[in-house]
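Everything on this sheet refers to the single structure shown next.
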There are 2 protein chains.
Amino acid sequence: MTRKEVAKLAGVSEATVSRVLNNVGPMREETRVRVMKAAAELGYEPNALAQQFARRRSGNIGVILPFVPKVHLFSTYYFSEILSGIGEAAQRLGYDLLLIFRDPEQSPDYAKLFRTQKVDACILLGSRDVPEERTALAEMKREGHPFCLVNQRFPEESFLSVDANHVAGSRMATRHLLDRGYTRIAFLNGPLHYSNSRDRLEGYAAELAAAGIRHADDWLLEGNYSRKSGYELAERVAEGIASRSVDAVFAANDRMAIGLMQGLKELGLEAGRDYAIVGYDDSDGSRLTSPGLTSVAVPFYEMGTMAAERVLEELADGGVRKAAEVEGIARDGHTYILPVSLKVRESS
Amino acid sequence: MTRKEVAKLAGVSEATVSRVLNNVGPMREETRVRVMKAAAELGYEPNALAQQFARRRSGNIGVILPFVPKVHLFSTYYFSEILSGIGEAAQRLGYDLLLIFRDPEQSPDYAKLFRTQKVDACILLGSRDVPEERTALAEMKREGHPFCLVNQRFPEESFLSVDANHVAGSRMATRHLLDRGYTRIAFLNGPLHYSNSRDRLEGYAAELAAAGIRHADDWLLEGNYSRKSGYELAERVAEGIASRSVDAVFAANDRMAIGLMQGLKELGLEAGRDYAIVGYDDSDGSRLTSPGLTSVAVPFYEMGTMAAERVLEELADGGVRKAAEVEGIARDGHTYILPVSLKVRESS
DNA sequence: TTGAAAGCGCTAACAG
DNA sequence: CTGTTAGCGCTTTCAA
């Protein structure tokens with residue numbers, strides 16, 4: 001209703017009001033000023049719903065999260081950093097964030113978000129390499145919707161994704177332990193349906209191989225990224241330490257590392273004294289333990305901004321232009337790989 | 001375009017399609033079935049933007065967060081729990097979540113979110129009692145928009161809010177220390193522009209008074225809820241412990257408690273041995289320290305669901321009906337107060 | 001440089 | 001019970 005009043009007060013047509021407010025098409029400076037003044041005077045605020053409808057764009061980026069209340073498989077640190085990063089970029093580029101919790105019961109239908117126009121693009125966190133997920137992603141791709149995965153790649157699929165260099169990170173971690181004189185390095189990994197986990201295994205194995213060490217099978221421990229899963233493996237690791245078949249542990253995330261440290265402490269084994277340990281994520285928790293936990297720092301925040309920027313770029317280009325070269329960032333096909341670094345603390 | 005096809009295939013008018021899909025108004029079962037089948041066959045999905053526009057409702061709950069990337073004044077634990085809770089309730093009640101990071105540079109304009117129809121209701125996290133904030137909230141209230149504060153109350157304002165019983169929690173924590181035989185209890189609080197902090201002070205003071213203890217002024221320490229601020233007060237606390245004017249500390253959140261413990265450890269003082277300490281939030285971190293940190297558990301997740309339920313209720317009632325009585329939950333005017341509990345660990 | 005007018009896809013009176 | 005019709009508030013041709 002008010003837009004009409006603005007038009008009247010400024011003595012122009014409604015179309016002109018629209019042009020001025022969107023700064024589109026040619027216009028006389030005088031009209032522009034007149035309209036702006038009228039709008040300001042009336043305190044006019046365009047109706048976002050009408051705009052979205054007329055433009056056929058929601059102006060939203062969908063952010064898809066696994067819904068795991070109270071089941072902290074993922075660290076909250078991880079999500080909140082990435083989310084903040086996405087939020088910063090989205091705000092800067094004029095988009096809002098629509099938060100969508102994936103229902104673990106149902107098989108996902110991401111393409112529907114686009115068909116119903118709820119989002120213009122979307123970013124997926126905590127995605128896993130399982131059949132329903134691949135199907136849902138492939139459908140989005142097929143229908144030409146822009147989306148970006150964070151921290152999960154589907155090698156043969158050419159989905160846009162942003163990841164950190166976990167192979168390098170794991171090599172660093174392993175190298176670090178080797179440099180410190182540890183040679184019997186167990187590896188506590190997470191489930192292999194995360195490409196993340198596979199990368200870490202690759203880096204770990206490669207670095208050991210480079211050092212001419214054949215890793216024993218019983219060095220491989222499988223957790224699920226939760227603290228509990230690390231904690232529960234303490235006895236087994238303690239035996240390894242006692243029998244001298246293990247002198248250090250590289251854990252695929254801090255949560256498991258911390259759980260393991262706690263379990264071992266209860267068995268009388270101290271990190272940094274009786275064994276060395278390196279975690280992954282450089283989360284808040286790594287600074288809370290004693291001794292402090294050496295860890296691989298991942299630029300989650302930057303991964304979030306990168307994901308938002310790239311996916312909006314794809315949206316703008318209609319997916320036509322090739323992926324942009326970004327200064328200093330490795331790119332492998334449609335995957336952007338950000339560098340990680342090692343934070344050394346007392347645990348190693 | 002497709003809705004027309006559905007109408008044609010089903011042999012009815014577009015309006016009827018609308019009725020069936022929204023299950024509104026009377027309709028013959030046969031028509032209903034026919035339309036549903038046609039819709040399913042054509043894979044019809046209504047356009048959300050058009051619906052929102054026609055209904056003049058966005059279907060979104062705005063969730064407003066302080067934007068503090070990399071400045072972890074608030075624990076990520078706190079936000080992700082509340083957010084998950086809001087998400088669960090929103091999904092259950094058919095709403096989406098629009099995430100909005102408050103720009104710390106600008107004074108907030110929450111009412112605008114409603115005027116532009118971006119949201120139908122909103123929930124504010126990490127709100128502070130400062131003038132710009134009060135103004136922005138009062139404006140929303142004046143314009144009749146439904147909103148709910150979480151963990152922050154404005155006593156004289158009658159804003160809808162959900163909080164935990166921090167007075168009781170602080171009494172519990174203090175009582176616990178007294179029961180353990182500690183009588184010189186320092187209190188490390190956060191800034192008083194959070195009603196949270198004021199509540200804690202009240203509880204602490206009340207419990208000491210009840211025990212007939214006059215608290216010394218130098219027992220009051222002020223941090224800002226960050227780990228660092230706790231850490232930096234270690235020397236001062238250490239002096240207190242050395243001079244026997246302090247034998248225990250109650251900290252207003254876990255982060256500060258943990259920082260303080262770390263600082264004191266560096267000065268050779270161990271929690272649970274040389275002094276007792278109790279934190280607040282029962283965050284992940286409280287389980288990571290050694291000794292484990294006794295802490296007050298706050299039902300963040302439930303606070304989130306409660307906030308969403310209450311604010312949507314207000315939306316539905318057009319703010320007319322009085323606040324509903326919720327079983328077993330204390331209510332003080334427009335504030336719902338959830339109970340907290342004490343988790344005892346080795347630090348006390 | 002501006003105005004008139006035709007939608008965007010759906011909902012919601014109002015008739016019938 | 002169902003069809004007709006008039007918008008919702010804005011954008012965007014197309015003419016002028």
Side-chain angles (χ1 to χ4, degrees), chain A residues 1-39 42-60 94 96 112-120, chain B residues 1-39 42-60 94 96 112-120 316 318:
Chain A
M1 206 58 99
T2 342
R3 197 189 52 155
K4 207 177 290 177
E5 297 174 27
V6 175
K8 207 171 67 183
L9 180 58
V12 299
S13 72
E14 294 187 39
T16 299
V17 174
S18 202
R19 286 197 197 90
V20 169
L21 263 41
N22 294 310
N23 195 32
V24 63
M27 64 192 97
R28 215 167 9 149
E29 176 61 13
E30 193 213 316
T31 359
R32 205 186 65 76
V33 172
R34 208 137 35 84
V35 171
M36 292 304 261
K37 239 173 50 189
L42 297 174
Y44 172 66
E45 321 241 14
N47 181 312
L49 293 184
Q51 283 183 316
Q52 292 167 5
F53 177 52
R55 292 177 177 151
R56 278 163 297 247
R57 297 193 313 103
S58 67
N60 292 154
D96 284 318
K112 182 173 183 175
L113 293 168
F114 288 91
R115 280 187 241 112
T116 61
Q117 310 243 51
K118 285 211 168 184
V119 306
D120 298 335
Chain B
M1 205 56 98
T2 344
R3 195 189 55 156
K4 206 177 291 177
E5 296 174 26
V6 174
K8 208 172 65 185
L9 179 58
V12 298
S13 73
E14 294 187 41
T16 300
V17 174
S18 202
R19 285 196 198 91
V20 170
L21 264 42
N22 294 312
N23 195 31
V24 64
M27 65 193 93
R28 216 171 5 153
E29 176 61 12
E30 192 213 313
T31 350
R32 206 186 64 77
V33 172
R34 206 138 37 85
V35 171
M36 291 306 260
K37 240 173 49 190
L42 297 174
Y44 172 68
E45 321 242 16
N47 181 313
L49 293 184
Q51 284 183 314
Q52 293 168 3
F53 177 53
R55 293 177 175 150
R56 274 162 297 242
R57 297 193 313 102
S58 67
N60 293 154
D96 284 319
K112 181 172 183 176
L113 293 168
F114 289 91
R115 280 187 242 111
T116 61
Q117 310 243 55
K118 286 212 169 185
V119 305
D120 298 335

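Labels below follow one simple rule: chain letters A, B, ... track the order of the sequence lines, proteins then strands, and each chain is numbered from 1. Only heavy atoms go into these numbers, but all of them, side chains included; no hydrogens, no water, no symmetry mates.
Checking D:dT2, D:dG9, C:dT1 against the side-chain heavy atoms of B:Met27 singles out D:dT2 as nearest. When distances run from any side-chain atom of B:Arg55 to the nucleotides C:dT11, D:dT11, D:dG3, the shortest one goes to C:dT11. Distances were taken from every side-chain heavy atom of A:Ala54 (C-beta onward) to each of C:dT2, C:dT11, D:dT11; the shortest belongs to D:dT11. The side chain of A:Ser18 approaches D:dC10 more closely than any other nucleotide in the set C:dT1, D:dT4, D:dC10. When distances are taken from the side chain of B:Asn47 to each of D:dT13, C:dG9, D:dG9, the shortest belongs to C:dG9. Comparing D:dT2, C:dG3, D:dG7 by their closest approach to the side chain of B:Thr16 singles out D:dT2. Residue B:Pro46 places its side chain closer to C:dC10 than to any other of C:dG9, C:dC8, C:dC10.
Looking at heavy-atom distances under 4.0 Å, B:Val12 makes contact with sugar-phosphate atoms alone, never a base.
Within the 4.0 Å cut-off from OP1 or OP2 of D:dG9, not a single side-chain nitrogen or oxygen of A:Arg3 is found. At the phosphate of C:dG9, neither OP1 nor OP2 sits under 4.0 Å from any side-chain N or O atom of B:Tyr44. At the phosphate of C:dT2, OP1 or OP2 sits under 4.0 Å from a side-chain N or O atom of A:Thr31. Note on B:Gln51: every side-chain N or O is 4.0 Å or more away from OP1 and OP2 of C:dG9. In this structure, B:Gln52 does not reach the C:dC10 phosphate: none of its side-chain N or O atoms is under 4.0 Å from OP1 or OP2.
Straight-line distance from the CG atom of A:Asn22 to the P atom of D:dG9: 17 Å, rounded to whole Å. Whole-Å rounding puts the A:Lys118 NZ to C:dG9 P distance at 18 Å. One interatomic measurement links the two molecules: CG of B:Leu49 to P of C:dG7, which rounds to 20 Å at whole-angstrom precision. When the P atom of D:dC8 is taken as reference, atom CD of B:Gln117 falls 13 Å away, rounded to whole Å. Here C:dG3 presents its P atom at 8 Å from CZ of A:Arg19, a figure rounded to the nearest Å. Atom pair A:Arg57:CZ and C:dG9:P shows a separation of 15 Å (rounding to whole Å applied). Here the P atom of nucleotide D:dC10 and the CD atom of A:Glu45 are 11 Å apart, to the nearest Å. In this structure, A:Lys4 places its NZ atom 16 Å from C1' of D:dT11, rounding to the nearest Å.
Between A:Arg28 and B:Ala15, the residue anchored closer to the 5' end of DNA chain C is A:Arg28, taking for each the nucleotide with the nearest heavy atom. Looking at which nucleotide of DNA chain D each of B:Arg34 and A:Thr2 is closest to, the 5′-most match is held by B:Arg34.
Here B:Phe53 lies parallel enough and close enough to stack on the base of D:dC8, with planes under 30° and ring centres under 5.5 Å apart.
Atoms CD and CD, from B:Glu14 and B:Glu5 in turn, are 10.5 Å apart once rounded to the nearest 0.5 Å. Atoms OG1 and CG, from A:Thr2 and A:Leu9 in turn, are 12.0 Å apart once rounded to the nearest 0.5 Å. Note that the CZ atom of B:Phe53 and the CD atom of A:Gln51 stand 10.5 Å from one another [nearest 0.5 Å]. The line from CD of A:Gln117 to CG of B:Asn47 is 4.5 Å long, rounded to the nearest 0.5 Å.
Each of A:Leu21, A:Val17, A:Thr16 was checked for a side chain to side chain contact (heavy atoms under 4.5 Å, CB included) with A:Arg19, and the lone residue meeting it is A:Thr16.
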Just do the side chain to side chain contact (heavy atoms under 4.5 Å, CB included) check on A:Lys118 and A:Asn60 with the steps written out, would you?
CA-CA 7 Å; A:Lys118 285 211 168 184; A:Asn60 292 154; 6.0 Å; no
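Donor-acceptor pairing under 3.5 Å, judged by distance alone, is absent between the side chain of A:Arg56 and the base of C:dG9.
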